[in-house]
Structures are given as structure tokens and as C-alpha cells.
Amino acid sequence: MITGKDLLDLGLKPGKWFKDALEHINAHGLTGDALHAYLDTVKPAPEIPLLAQPVPFHENISADSAVEQANIDYVRQSMQLLMRTPTVVAGAIMPDACPAGPLGTIPVGGIVVARNAIHPGMHSADICCSVMLTNLGKTDPKTVLDAAQQITHFGPGGRPEGQQFTLPADIEAEFQANPFLKSPRSLKFAHEHLGTQGDGNHFLYVGISRNTGDTVLVTHHGSRGPGAALYTQGMKVAERFRQALSPATDPPNAWIPSDSPEGEQYWAALQTIRKWTKQNHLCLHDALSARLGVAVQQRFWNEHNFVFRDADLYYHAKGATPLDPKFMPDITGPRIIPLNMAQPILIVEGTTTGNNLGFAPHGAGRNLSRTRHKYSKIGQTKEELFAAETQGIDARFYFNQIDISELPSAYKDAEQVQRQIQEFNLATTIDEIRPYGCIMAGDWEQDAPWRKKKLAKKAAQLAEQQDTQADCSALQETAEE
DNA sequence: ATGTCC
């Protein structure tokens, strides 16, 4: 009679599998070689350890201030932890890199390449956050922005009944067919959130092309509820695999093996969310051009939070713009890199180099966390800051509440970021869309009870911090883009 | 990121 203790004595890891295995062993009277041969077929695979050394990664970023140096130090430390994840084979950070989450989490402006593995924690919570551009010819920009304000939707939740866009039948069918997407909650979001932009750094921007003088619309938002729901499910499944395969791996870096049934379904779900998100931009752009009675001259888009596949390699981009055509199935133009509301949006193209892994930055990146930026402006009113920072542009907040953490001073210096794009040969700017104006959500939650409590606590905390170390710890809450 | 907890 073989018992659990015998299996333990053989150095096997206890688990639910013991029960069935012992039944089988004793029913067949297995011993010796037969026992070992059987155990080899049922015992769990050995745990995968972290890599002994971090895989080297490309640093396409340089500091021009103490704050930026502290930012880089934190991001570098995070990457060095992350690059020991056993699936990882390459990585890079971009000039817009900034911390997101606890140490060891992929930063914004980060690219991580893994073999045969999809890491939901590495494509960001806002799956397929993206930018779309439509050229509206010589239409008056104020007319465009006024109409856009009537059509778009910012803030939490979806569109009220009667004001919803129609979800195309093929996208709905893909939701229904995928176990990651077919929940009533997910489908409800898919219908109600279509044609919505959410909040935070998302925007609707109207500007003028440097090259042609044409009026151009650019929207920035992601996959809203449907994407968030997929991310939550993906992290759960990845966590189960982590516990079984590699408990040494940090939970934020858990992965789903790409060749498992779950991996194949998750990959398919990502492609469906990409379609949904493209439609989320399209329905706004189409409604606007129809309202204006203007023919669309040119339209292109790109995602900057996603997973891109090249054979068995999965490129995870959390705030990085794909340049290489192998990453995008539906290219209709160059790529789009916004900087801040008062600066031009860059239109770029580029190729894969030795240091960019086929990507460019996705924006300017934050120089301070939202809270810390707000704290740094204490003593100035929101109205003063807004007036000073949006001079000459028609900047609007959907909820009429100024969000100072979205003003230009919240972001890294745009000139500096552009210099670094050149310095590291990341992309070539072929046009720029100069700002007429924009709409962002604004501070819709400023009066929410949970905010007041949180803000008071954070302000007290920040007031006590004086050294650089403290600066770093305050940086890590930056996580959204 | 997300009706700020399925």
C-alpha cells in the first residue's frame, strides 16, 4: 500500500492530484519502475524559477532634471525585476517612460517581449487604448469642435438608452462566441459603451495639419468596460497558471501560455476587443463627418496598449506606438503620437532598429504622478493654471471642471521628448497637427466622497516627504495611460 | 483601465 507519505518521501509536491494518483497506484499495485513511470505522467511539472539575471533591455531615455533622473531610476529598477520573468526575451523603454504600479510592474512607455506567453498585466488594463485621425479638409475647426462636443460622450458609464450606437453584428457574434467575452456584463458594456471616451488622459482634439492646412480630428480612448472586463478575467486566469507553473513570478507578471486553450481564447478575445475599440473611434468620427456633411479625406489609427505577435514572440506594449507593419493588420496611414493639449500631435513613421524593437513612444509621459503634480501647484488656483497653460487654444472640459493633472505642465517637456525621439532614432516626424482645441473629461469626480478622503490623506503624506527616495515612492501611483 | 468589489 503506497500512501501520501511515500509520495512526499519521493520529493513530490503535494496537491489535489495525490488522491487520484494513490487510488490508481494501489488499484494496479504499482511499485518500482512501474510506479515511477506512472508518476512521471501525472506529477506536476517542476516550478519554473525566475531567470538568474535580468534580460538586458534598451533604454531609450535620458534625464535633464533631478525629477526625471528619479523617474528613470525607478523605471530602471522596475524593469530589472520584471526582466527576470522566465518567459521574457527582450525589452525596451521609451522617452515617455514613467512608473505604473508597484516595483516590478511594466512601466508606461515599456515594451516586453515574451516567448509563447501572453501577460495580461503587460498590455495595460486599458486594452487597445488607441488614437484615430480623420482629415476633414478645410472645415472650420471651431465648427468641428462644437459639433464634436454635442456628439461625443465622456465620463463614467455608457450612453443613455436612445443615444446608443449600434454594435455591428459581426462584433457581437465574436463576443458571443468567446468564453472571455460572452458574459452578460461584458455584452452590456459592449452595447452601452460604444461611442464613449471615458476619462483620465483621453481626449478629442481638433487641429490643423502643418503640411496641408487641413482640419484634422484625433480621438484618444480605449476599450472602456468590455476591455476592463477582459483584463480582469485575463489576470485571474494568468494567476491560476502562475500558481501552478511559476509561483516565483511576481503576480503582476503572471502569464497565460499562448498554446493552451485559455491562451488561444484570450488571444482571440484581444483581437475582438481591438475590433470593438476601432469601432468605438469610428462611430464618433462617422457621426461627426455626417453631422458636418463633410467627406472624409483620410483616416488612420494605431493602438498603443496591446500585445503584438511575431511567430512565437508576443510583444507587450504598455504605452508604445507600433511602427513595424508586421504588428498591424489594417494599416491605412502613418502613426499618431500626441504630446499634450497645447502641443502639436506628431504624425510619424519609422522602422525597426537595434534599440526600438519596432516601437516609438506613445506620448510625452507624465513627469509626476497626478497627485504629486496637483500638490506641486498648491497656492495657484485651477483657473489661473488653466488660463496660463491653455493660452491660444480652445481647451474644454466635458464636465466643466478643470482637471489640472491634464494641463501641459503635468507632462514631460514636449521639446525634450521630441529631441529624444531623434536622439535614439525612434521615429521620423512627417507632419504635425497643430492644436486648435480639445475636449477632455475634466474632473468629474471632484466632489465624490471617496476622493476627498483619499486626497486629504495623500496630501498629508506628501507634506512629510522631503528626500528623493520619498519622491520615488510617490511616483508609483502614476499607472493609467 | 473599470458604475473605483462578481
Side-chain angles (χ1 to χ4, degrees), chain A residues 98-102 105-110 119-131 153-161 163-164 179-203 219-240 251-252 266 269-270 272-274 276-277 280-281 303-307 316-320 362-363 365-366 369-371 398-399 403 405-406 440-441 443-458 476-481:
Chain A
C98 50
T105 309
I106 186 174
V108 172
H119 295 255
M122 294 186 190
H123 55 48
S124 132
D126 190 7
I127 300 168
C128 203
C129 188
S130 44
V131 271
H153 177 289
F154 279 96
R159 288 180 170 268
E161 212 150 335
Q163 292 177 38
Q164 293 173 5
F180 277 105
L181 301 174
K182 69 180 182 188
S183 76
R185 173 184 157 85
S186 176
L187 273 157
K188 183 176 184 293
F189 284 149
H191 285 275
E192 294 177 0
H193 287 196
L194 202 58
T196 71
Q197 300 196 257
D199 61 4
N201 63 346
H202 299 150
F203 63 72
T219 49
H220 172 219
H221 54 263
S223 52
R224 306 282 290 114
L230 175 60
Y231 171 77
T232 304
Q233 293 309 305
M235 286 302 277
K236 274 187 193 160
V237 170
E239 174 60 16
R240 286 207 297 273
Y266 190 71
L270 289 171
T272 300
I273 286 297
R274 186 178 189 275
W276 185 91
T277 307
N280 194 18
H281 288 278
E303 64 278 62
H304 48 228
N305 291 352
F306 207 60
V307 191
H316 301 74
K318 177 160 165 177
H362 87 308
R366 288 187 177 279
S369 72
R370 283 178 180 276
T371 316
Y398 196 75
F399 294 98
D403 179 356
S405 70
E406 287 303 334
M440 297 188 82
D443 201 358
W444 61 269
E445 53 175 3
Q446 73 166 354
D447 293 325
W450 63 80
R451 252 286 286 284
K452 284 185 173 166
K453 233 168 117 182
K454 210 168 113 185
L455 218 85
K457 200 176 145 194
K458 196 74 199 173
Q476 50 174 288
E477 66 183 275
T478 309
E480 113 243 25
E481 357 273 296

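Quick note: numbers below take in every heavy atom, side chains included, and nothing from hydrogens, waters or symmetry partners. Just so it is clear: chains get the letters A, B, ... in the order the sequence lines come, proteins before strands, and each one is counted from 1.
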Per atom distances to the A/Lys236 side chain, the nearest of B/dT4, B/dC6, B/dT2 is B/dC6
Round to a whole Å and report the spacing from CH2 of A/Trp276 to C1' of B/dT2.
12 Å
Atom pair distance, as rounded to whole Å: CG in A/Asn280 and P in B/dT2:
11 Å
Flag the pair A/Phe306 / A/His123 as yes when at least one side-chain heavy-atom distance between them is below 4.5 Å, and no otherwise.
no
A/Met235 atom CE is separated from B/dT2 atom P, nearest whole Å, by 17 Å
Euclidean distance, atom NZ of residue A/Lys188 to atom P of B/dT2 [Å, nearest integer]:
15 Å
Evaluate the side-chain proximity of A/Phe180 to A/Thr272: yes if any heavy-atom separation is below 4.5 Å, no if none is.
no
Do A/Pro226 and A/Ile273 touch side chain to side chain, with heavy atoms closer than 4.5 Å?
yes
Shortest side-chain distance from A/Ala228, nucleotide among B/dT2, B/dC6, B/dT4
B/dT2
Nearest-neighbour nucleotide for the A/Glu445 side chain, B/dT2, B/dT4, B/dC6 considered
B/dT4
Per nearest nucleotide of DNA chain B, the residue lying toward the 5' end, A/Trp444 or A/Thr232, is A/Thr232
A/Gln233 CD to B/dC5 P, straight-line distance once rounded to whole Å
16 Å
So what does A/Gly157 touch, heavy atoms closer than 4.0 Å: a base, only the sugar-phosphate, or nothing?
sugar-phosphate
The side chain of A/Arg224 is closest to which nucleotide in this list: B/dT4, B/dT2, B/dC6?
B/dT2
Could you state the atom-to-atom distance from CG of A/Leu181 to P of B/dT2 in whole Å?
17 Å
Determine the interplanar angle of the A/His202 and A/His221 rings, folded into 0 to 90°, and report it as parallel if under 30°, tilted if 30 to 60°, perpendicular if over 60°.
perpendicular
Among A/His281, A/His304, A/Glu303, exactly one meets side-chain hydrogen bond (donor to acceptor under 3.5 Å, both in side chains) together with A/Ser130. Which residue is that?
A/His281
If you check every side-chain atom of A/His193, which of B/dT2, B/dC6, B/dT4 has the closest atom?
B/dT2
Which of these nucleotides, B/dT2, B/dT4, B/dC6, is closest to any side-chain atom of A/Arg185?
B/dC6
